[in-house]
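For reference, the structure is listed below as structure tokens.
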Amino acid sequence: MSEPGDDGDNRARSIALLRMMERIRAFEEQAILAAERDRLVLGAIHPSIGQEACAAGIMQALRRDDILLATHRGHGHTLAKGADPLAMFRELLGRAGGCCGGKGGSMHIADFNVGMLGANGVVGANITIGAGAAHGLKLMGSDRIAVDIFGDGAVNRGPFLEGLNWAAVYALPVLFVCEDNQWSATTRTRTVTAGEGAGARAAAMGLPVTTVDGNNVEEVAAAADEMVARIRAGNGPEFLHAITYRQTGHTSFDKAAYRPEGEAERHKMEDDPIARQRAFLAGMGVRSAELETIHAEAQAEMAALLKEAAATPFPPDDTAFTDVQDIGSPAKEAF
Amino acid sequence: MSEPGDDGDNRARSIALLRMMERIRAFEEQAILAAERDRLVLGAIHPSIGQEACAAGIMQALRRDDILLATHRGHGHTLAKGADPLAMFRELLGRAGGCCGGKGGSMHIADFNVGMLGANGVVGANITIGAGAAHGLKLMGSDRIAVDIFGDGAVNRGPFLEGLNWAAVYALPVLFVCEDNQWSATTRTRTVTAGEGAGARAAAMGLPVTTVDGNNVEEVAAAADEMVARIRAGNGPEFLHAITYRQTGHTSFDKAAYRPEGEAERHKMEDDPIARQRAFLAGMGVRSAELETIHAEAQAEMAALLKEAAATPFPPDDTAFTDVQDIGSPAKEAF
Amino acid sequence: MAEKMTYVEASREALREAMQADETVWCLGEDLGRGSVFGQYLGLQEAFGPDRVVDTPISEAAIMGAALGAAMVGTRPVVEMRFSDFALCATDELVNQIAKARFMFGGQSRAAMVIRKPTGMWRSSAAQHSQSLESWYTHIPGLVVVCPSTPQDNYSLMKAAIAADDPVVYFEHKNIWGMEGEVDRSLAVEIGKAAIRRVGEDVTIVSWSDTANLAEQAGARLAEEGISAEVIDLRSLWPWDKAAVRASVAKTGRLIVAHESVRVGGFGGEVAATIAEAVPGARIRRLGAPRSLIAYAPNLEDQMRVTVDMIAQAAREMTND
Amino acid sequence: MAEKMTYVEASREALREAMQADETVWCLGEDLGRGSVFGQYLGLQEAFGPDRVVDTPISEAAIMGAALGAAMVGTRPVVEMRFSDFALCATDELVNQIAKARFMFGGQSRAAMVIRKPTGMWRSSAAQHSQSLESWYTHIPGLVVVCPSTPQDNYSLMKAAIAADDPVVYFEHKNIWGMEGEVDRSLAVEIGKAAIRRVGEDVTIVSWSDTANLAEQAGARLAEEGISAEVIDLRSLWPWDKAAVRASVAKTGRLIVAHESVRVGGFGGEVAATIAEAVPGARIRRLGAPRSLIAYAPNLEDQMRVTVDMIAQAAREMTND
Ligand SMILES: Cc1ncc(C[n+]2csc(CCOP(=O)(O)OP(=O)(O)O)c2C)c(N)n1
Ligand SMILES: Cc1ncc(C[n+]2csc(CCOP(=O)(O)OP(=O)(O)O)c2C)c(N)n1
Ligand SMILES: [Mg+2]
Ligand SMILES: [Mg+2]
């Protein structure tokens, strides 16, 4: 965390936030191209375009050995946690050297080396798992913490209640983040969510709740810094409600025709987290050439990595039978 | 509901409340004798002794065709909803003529003729089922309502969140009742429940919450009357939090040695809903002889019915194969 | 009489007709108003309104549990689970509650409903969106289990399932939503009756769901080679048409059971064991997925598949010796 | 060397020793501080404190899910589900998450844990507290499935399960908590190795869990009648000791598989089918519960039982013809 008044540090940090968001955006734009144009990605991918501020702002508050669990829409979180984008592209393309050996794909992206214990294909399932990771850390006397990110749709699943209650009862070191993009697939979440929503529910289970503009990366980062510090100090779980917007369809295939006309366009024009951070930095005096360079570098990096990933072979066929289990492994089964 | 100032009616109603509580208590005392002394009840029974005010107070607010779902601790609710105690005893003893034909036993007691759609052996499971019953009623344009009773332990299960949210989203005619006896089996519920508990969680999902002294049957009945009227008028679900106390062990076998010394005794002495209603009626001028008669009649009724139930044969063996399913019924399966 | 329809259209038409005929039929699930993931409900909310085609929260336990409550008071819900994998979030509701509601309460109620579970592998959906778990539900008394493999069956069996007074677990295979076929709306199919897809003398091949289509292809290929396979599509696993399979194996003396689900603990074991008990001396072979997980990479995913080749090869081997 | 212990004491002792030896082992479940429902944890919270013997809320999904998270960061949880029936409230967590965590993430993590599920009929507990669903988990790649039937096995297999780096679904039978037997703490049992309870020549009887005890009694009774039965207790269903069963049936030519769970879709089908494929000509018979529900009334409950008589009678019939 930066000292107040330390302008150089602040500026560097703000630029780093932008850079991370640009890299996430570039990664996903390439991933979409790989899916739509190149037909290299066979499964569904769920872009987080428009939501990059959450990933960038929260992950910068964490240590490499802190734990992260995310959702099906987890590319950004994973990259921001420090995962290698080449291994991520390889995973999306189902290739050897993918971060899950090509076994998981986009929806199960994970990199245990940087504490990223997996995206999850079941809405809300990561909430109890994340609470449990924090439980394990606390049992072992570690000062590491866990961050558990989920969408607004997940607050209507039972594990939301069970996981938050669990974390609060055992005062676990976990930051729950509801990355609220206002949509659950094709359904507007508020039409199926009673009461005041995510924050009110968390508060009712005794968790301190902070609500932020999830498209303002500076605000997200500042909130995350404070919350993470309190959690690491042993004060128990907290809840961050970050309001953002899903600029794309639910998957890269989804044209999202169900949305009111102009809604997505308005968000893209007025509320894009990258554009906002660029404007913020411009206001701080950063020159537009520098901003352009950051953008261009991110684009170039990801385009090159996608190419490299596409040139990688598929995993060996027999890995279909490894890492299932030791006892009664299908690789050994005979008769 | 009675008119204000209508003293005769009030008095009759208060006496009826006492009588129902006495009958529930007598029923369960006999059931415990049948289990412990006579070894006629083979499965576990979960007495609601000390909690009779909830059953009596709430059920009097309902119509016979309203729907009720309850928990494993459901004798009182079932009896108060109007079920035949002889059929109930037969069910507890696993006999022919039991209200579930001897197939359900204490934990699954039900009487669909009076809208009692079942006690449930899975904590919290009845919450979504009750919401669904209300959903069905609303779809059919009925003015019937559903009441869904569960314990304090159930508020930590996912279906609590999913069921309450569901009812609120569709504005269903259902009254949720948390009958809070402060214990979940051998665990003091507040030690595993974060935040302010049941009411706060319901409020966070937008349900109007009423909290009552669950051992004051007059207070329970008055609250239930108002809530049921609002719900029947189409104002959506509400939540009643009734604070009471489980005077016995979790099951009739449980000596409850884990409770702080004197806790149960204090509740029995100072907070018994039947003793309180007797005192209330005495204060209203009802003579103690009349109160004794009510007590004695209930005791005699239930003792006689238990005897009658015990003289009933077991169900025919082949009913083990009936009422499973029509298509692919085990009664018909051949080869 | 017959119309061309896809598999997804067929069950949608059946549902539409049932909703037209009986206003207690309704459906509930996520995103139904936009047709759900595969278009199974397209146009139905427009036709029947949001009260009968209900957009739900992401609350599988509540979807399933609420359907039971609503069934108990006399409506006939059609429950959409989106991917059969997600139905695991509502297992207590299905297995402990729905399957037991009629018996446990001594026949006082029924749980007439259809629980739709799109199933099976569908290119690179990975371990949590590809499972075939139909065999689980055959083991649960109270449940009916249906696995249609053609547009006609998806039409006729959906109608039968909605008409049934039992809870019917209904597995549609995600890989054949677009499969076209002739559908005769007047054709009724009784749940529990197999379809003999091909008559033969040398070997009996039993299957269901999309694998039945592969078995049929294998049968055609074998015919060219002079091997006469009888191909049976069970269409439903509980009840299943033991009589048809028994009669066939009594004739051919050889049984192959092939399914997409994992071989170990799969329903193929039930079919094989039943025949082993009933037709002593019959030669028996099971094909199913290895006991490993379904990976994302296409070549790894393919390792889990039972293919036309594998079925045909098994038949060759069995008829050779 | 050997001590007298009950079945419930045996696994408690194994757990106690494992917790003493390895401080990453801990257990979680409802009411554990008071020993849980059957006394399986009595004294352990006093010995190891409330952080390692954790009293949980009634949150089966969180118990199971949290155990996975805690396993992923390196602890070794022992999960108590109280009644195997309630584990259905955590099916997504067990089947979609725990079983898949290692494979789905390309081997980056393991989910080393034991999931305890007291199972089976226990006088008049009715439909929601009596089920035997072990066969389900054999169908789920990633899971190990263990079903001990004696105090010694409950000691040795619990130790093996806690030591395993895989998720082990561990079924203790509720009816035999009080069963006494000699336990030798130095005796290791490998998961996947059957116990030959009785050596015989005429018929092979395969079983597991409490039914293995009934099978042994049937074997003794048959011996008096001059029928020589080989009685095999599988002890674990995945992996299961195919080699032992195959060798036995190759010798006897006759197989009976008997289990308490429902016959249709039960693991008996897997055993029977495997032997039907591997030992052509073997005579095969399965015994299991009818496909109906377990009722409360004792006489109705009894209709669901596989008894010593039934096992012996099946053996008589098979060896007679
Ligand atoms: C238990 C479960 N139910 C349904 C789905 C299908 N599904 C995948 S993503 C999604 C919407 C999730 O919305 P939200 O939680 O807000 O996350 P977002 O997609 O907006 O990031 C749904 C319904 C699922 N994956 N898991
Ligand atoms: C899902 C589930 N978990 C555990 C149990 C075991 N169990 C039965 S009753 C009970 C305590 C319930 O407490 P509460 O909800 O407060 O109801 P009470 O018994 O106090 O009436 C428990 C843990 C169960 N029946 N279902
Ligand atoms: Mg969302
Ligand atoms: Mg309680």
Side-chain angles (χ1 to χ4, degrees), chain A residues 41-44 72 90-96 98 100-108 120-125 151-159 184-189 191-194 250-251 254 257-258 313-325 328-331 333, chain C residues 28-37 39 41-42 45 50 54-65 82-83 85-93 121-131 262-264 286 289-305:
Chain A
V41 177
L42 291 166
H72 55 286
R90 285 184 169 137
E91 192 58 36
L92 266 60
L93 271 55
R95 302 304 167 95
C100 300
K103 290 176 172 183
S106 163
M107 245 189 307
H108 308 300
N120 206 306
V122 179
V123 168
D152 40 303
V155 309
N156 292 324
R157 281 211 59 227
S184 300
T186 73
T187 301
R188 197 184 282 282
T189 308
T191 63
V192 291
T193 307
H250 174 56
T251 64
D254 171 22
Y258 44 83
F314 287 105
D317 284 357
D318 62 5
T319 61
F321 306 101
T322 57
D323 284 321
V324 176
Q325 57 196 108
S329 157
E333 206 212 324
Chain C
L28 63 166
E30 298 147 16
D31 302 305
L32 297 201
R34 273 72 54 213
S36 192
V37 185
Y41 300 83
L42 270 182
Q45 197 175 63
V54 178
D55 282 319
T56 69
I58 307 176
S59 303
E60 280 74 10
I63 295 169
M64 195 78 89
R82 200 171 178 118
F83 282 73
D85 315 73
F86 306 157
L88 301 190
C89 300
T91 309
D92 172 59
E93 287 73 14
M121 277 186 265
W122 184 55
R123 264 294 169 216
S124 287
S125 296
Q128 289 178 337
H129 288 70
S130 304
Q131 291 168 93
V262 168
R263 205 174 82 110
V264 174
R286 285 182 297 157
R291 198 172 179 281
S292 187
L293 290 95
I294 297 167
Y296 173 80
N299 63 316
L300 303 185
E301 190 187 58
D302 283 343
Q303 305 300 311
M304 298 299 122
R305 290 183 192 279

Legend entry - Asp317(A) CG to Gln303(C) CD distance, which is reported to the nearest 0.5 Å: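 The CD atom of Gln303(C) is 4.0 Å from CG of Asp317(A), to the nearest 0.5 Å.
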Inset, instruction - Any chance you could measure His72(A), atom NE2, to His129(C), atom NE2, to the nearest 0.5 Å? - result: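 If I round to the nearest 0.5 Å, the distance is 8.5 Å.
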Legend entry - Qualifying residue for side chain to side chain donor-acceptor pair (under 3.5 Å) with Thr187(A), from Thr56(C), Asp31(C), Asp55(C):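 Filter result, single survivor: Asp31(C).
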Sort [X] into side chain, backbone, both or neither according to what part of it lies under 4.5 angstrom from a heavy atom of chain C.
{"X": "Pro316(A)", "answer": "backbone"}
{"X": "Asp323(A)", "answer": "neither"}
{"X": "Thr186(A)", "answer": "both"}
{"X": "Val123(A)", "answer": "side chain"}

Closest approach of [X] to [Y] (non-hydrogen atoms, all atoms of both residues):
{"X": "Pro330(A)", "Y": "Ser292(C)", "result": "CG-CB, 4.0 Å"}
{"X": "Ala126(C)", "Y": "Lys103(A)", "result": "CB-O, 4.3 Å"}
{"X": "Leu300(C)", "Y": "Gly102(A)", "result": "CD1-O, 4.5 Å"}
{"X": "Ile58(C)", "Y": "Arg157(A)", "result": "O-CG, 2.7 Å"}
{"X": "Val122(A)", "Y": "Cys89(C)", "result": "CG1-SG, 3.9 Å"}

Legend entry - Side-chain (Gln128(C)) to main-chain (Gly121(A)) donor-acceptor, under 3.5 angstrom: yes
Legend entry - Side chains of Tyr296(C) and Val41(A) in contact at under 4.5 Å (non-hydrogen atoms): yes
Inset, instruction - Would you check if Thr193(A) and Pro57(C) make a side-chain contact, meaning some heavy-atom pair closer than 4.5 Å? - result: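 Side chain of Thr193(A) against side chain of Pro57(C), heavy atoms only: no contact under 4.5 Å found.
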Legend entry - Side chain / backbone / both / neither for Ser59(C) at chain A, heavy atoms under 4.5 Å: both
Inset, instruction - Please test Met304(C) against Phe321(A) for side-chain contact (heavy atoms from CB on, under 4.5 Å), starting from the C-alpha separation and ending with a verdict. - result: CA-CA 10 Å; Met304(C) 298 299 122; Phe321(A) 306 101; 3.6 Å; yes
